[in-house]
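Below is one structure, written out as structure tokens; comments come after it.
Just so you know, these numbers use all the heavy atoms, side chains as well, and skip hydrogens, waters and symmetry mates. We name chains A, B, ... by the order of the sequence lines, and we start the count at 1 in each one.
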2 protein chains.
Amino acid sequence: MAPAPHVAKREDSLTRGERKNLTRNGLLQAALNLIGEGRSFTSLGIREIAREAGIVPNAFYRHFRNTDELGLALVEEVGITLRRLLREARQVGEGKSEMVRRSVLVYQHYVKQNRLLFLFISSERAGGSRILRLAIRNEVSHFTHEMAQDLRRLGAYEGLSTSSLQMICGLIVTAMLGAAPEILDLPAGQPLLEAEMTEDFVRQLQLILLGASCWRDQPPALLASSRMRPKQP
Amino acid sequence: MAPAPHVAKREDSLTRGERKNLTRNGLLQAALNLIGEGRSFTSLGIREIAREAGIVPNAFYRHFRNTDELGLALVEEVGITLRRLLREARQVGEGKSEMVRRSVLVYQHYVKQNRLLFLFISSERAGGSRILRLAIRNEVSHFTHEMAQDLRRLGAYEGLSTSSLQMICGLIVTAMLGAAPEILDLPAGQPLLEAEMTEDFVRQLQLILLGASCWRDQPPALLASSRMRPKQP
DNA sequence: CTGCATTGTGTACAAGTGTCCACTGAAAGT
DNA sequence: ACTTTCAGTGGACACTTGTACACAATGCAG
């Protein structure tokens, strides 16, 4: 058996901390790889992950107390990934025509490029450990918030209150994350099926934005009691 | 140890098929109960389910070949449940004012009432076994379809093509299923948090419907090649 | 009534799991 | 040059798991 060849580069000239971070990342990547092979994160075991990472089971404990803690580390990567997505999305330009379609294409490409992480998000966002779920939801909430800021900065939708803008972005994000699993489940080499899905997604977003452009904030908040007149034009 | 008291009613006067169906339902319910205790379906084992159902592990095989097959049976219940939801939703009446809010309240109540099944849907819709995922997606697709028919029958949105109506319903269903986990994760006894969530959900649906009422089907489909003119009415 | 089919039981086994403990070797601090 | 620290090793323990086989009880058809 090979003696833990988890460093294929220069095995010397590495400080201890760097080495530790290396195998730590190895563990994270190992978990993602297993997810990529169809296993669900919740059902992963310490031994399984350690084996995939090429270390002995006990060494796992040097980095995480249990799999949930490893999951939280993955959620952090999710945050970084989503932030990068926003950065990329900002560069699609502002030409109104076809801007939605371009954004959708960027998103689809991004999901496929970060396949493993999106598999992780999609399946753990609504299942498995409660702690993970809340952590992911938190990250997604941040994402929504930043998206709203971006939209505001973009200049459109001047008449909308901040809370309405966030509501809209929440809907957009829901649609995006809901589309992710379908993107990931696409059988490779079915371009017309993918095109159909893309078109549907584009139209959904256009519908949302159309609704947003017609939206008028309700002057009186008719939250609890419904005695006042809603009169939404 | 008690000798399998899985029938608490009259243990006699039951035909064999009825008895079988009884323990079969016991297995389904056992799986749901375990889900309700925080376990995710994918990580459930045969022994675990059988133990919870009060039978010996081997008896499981008399009903299902493996856990996936049991999952498919659960998906069938999901279908039934969704159909009932549509039936209930049809009865909220047609008064346009506050109709969305009433529908949302009905939905929230329904999700809480069928908590276990919605937990199952939410978490397995995007994770775990591919077969289950596709089965659920199929059921959801049916649901969307029927919802579109209902909307059409309702009379509103006359100007929309069938495909557009389905796209809209797809978005609505995505929003609904996306909201389910948040409804289920609500800490009990926080009425104002729930009210906030409700209000957000209501506004999202109103936004969608507002967009729908402004929507015009594009005469020229600029799909893949924009050379032909499909002239969709 | 007789015999078959079928649901559920008990035992058993190989394989996998989380975690504890004692250990090694080398980098890091003195 | 020394001691300390600590990532990684190896073995062991008590469990749990899926599944196979032989068997018991009982509804039901002949």
Side-chain angles (χ1 to χ4, degrees), chain A residues 1-31 34 37-71 73 128-129, chain B residues 1-31 34 37-71 73 128-129:
Chain A
M1 213 172 286
H6 52 280
V7 274
K9 32 184 71 168
R10 312 285 305 139
E11 78 258 10
D12 50 349
S13 82
L14 276 180
T15 169
R16 191 130 87 166
E18 290 171 326
R19 259 228 224 288
K20 176 162 184 177
N21 244 322
L22 229 60
T23 69
R24 192 187 126 107
N25 290 345
L27 284 172
L28 295 180
Q29 192 57 51
L34 289 171
E37 289 170 17
R39 324 243 327 95
S40 95
F41 177 81
T42 319
S43 73
L44 291 185
I46 287 180
R47 286 182 112 106
E48 206 173 357
I49 300 176
R51 193 185 315 133
E52 173 84 13
I55 62 177
V56 90
N58 258 324
F60 181 95
Y61 293 111
R62 304 288 182 193
H63 302 270
F64 308 101
R65 243 196 297 279
N66 46 46
T67 48
D68 262 21
E69 208 168 272
L70 185 147
S129 140
Chain B
M1 213 172 286
H6 51 280
V7 274
K9 33 182 72 170
R10 313 284 307 137
E11 77 259 11
D12 49 348
S13 85
L14 276 180
T15 172
R16 189 128 89 165
E18 290 172 327
R19 256 228 226 290
K20 175 160 185 178
N21 244 323
L22 229 59
T23 67
R24 193 188 125 107
N25 289 345
L27 285 171
L28 295 180
Q29 192 58 51
L34 289 171
E37 290 170 17
R39 324 245 324 96
S40 95
F41 177 81
T42 319
S43 73
L44 291 185
I46 286 180
R47 285 182 112 107
E48 207 173 357
I49 300 176
R51 193 184 316 134
E52 173 83 14
I55 61 177
V56 91
N58 258 325
F60 181 94
Y61 294 111
R62 304 291 183 192
H63 304 269
F64 309 100
R65 243 196 297 280
N66 46 46
T67 49
D68 263 21
E69 208 169 273
L70 185 147
S129 139

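- Summarising the geometry, the separation between CD on B:Glu52 and P on D:dT16 is reported as 16 Å, rounded to the nearest angstrom.
- Computed from coordinates, the A:Asn21 CG to D:dA7 P distance equals 11 Å when rounded to whole Å.
- Regarding B:Phe60, its CZ atom lies at a distance of 19 Å from the C1' atom of C:dG10, rounded to whole Å.
- Rounding to the nearest 0.5 angstrom, the gap separating the CD1 atom in A:Ile49 from the CZ atom in A:Phe41 is 6.0 Å.
- For the OP1/OP2 pair of D:dG8 and a distance below 4.0 Å, the side-chain nitrogens and oxygens of A:Thr23 include at least one atom meeting the criterion.
- One N or O on the side chain of B:Glu69 and one on the backbone of B:Arg65 form a donor-acceptor pair closer than 3.5 Å.
- The interatomic distance linking A:Leu34 (CG) with C:dT17 (C1') rounds to 15 Å, in whole Å.
- Atom-to-atom distance recorded for A:Gln29:CD and A:Leu34:CG is 10.0 Å, nearest 0.5 angstrom.
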Report summary line: A correct 5'-to-3' footprint of nucleotides 18-30 of chain C, with B, S and - meaning base, sugar-phosphate only and no protein heavy atom under 4.0 Å, is BBBB----BBS--
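- Atom pair B:Phe64:CZ and C:dT6:P shows a separation of 18 Å (rounding to whole Å applied).
- Summarising the geometry, atom CD1 belonging to B:Ile55 is positioned 5.5 Å from atom NE2 belonging to B:His63; distances are rounded to the nearest 0.5 Å.
- B:Arg24 contributes atom CZ, which lies 5.5 Å from atom CG of B:Leu28 (distance to the nearest 0.5 angstrom).
- The separation between B:Glu18 atom CD and D:dG27 atom P is 12 Å, rounded to whole Å.
- Nucleic acid contact for B:Arg24: none, since no nucleic acid atom lies under 4.0 Å from a heavy atom of the residue.
- A distance of 3.5 Å separates CD1 of B:Ile46 from OH of B:Tyr61, quoted to the nearest 0.5 Å.
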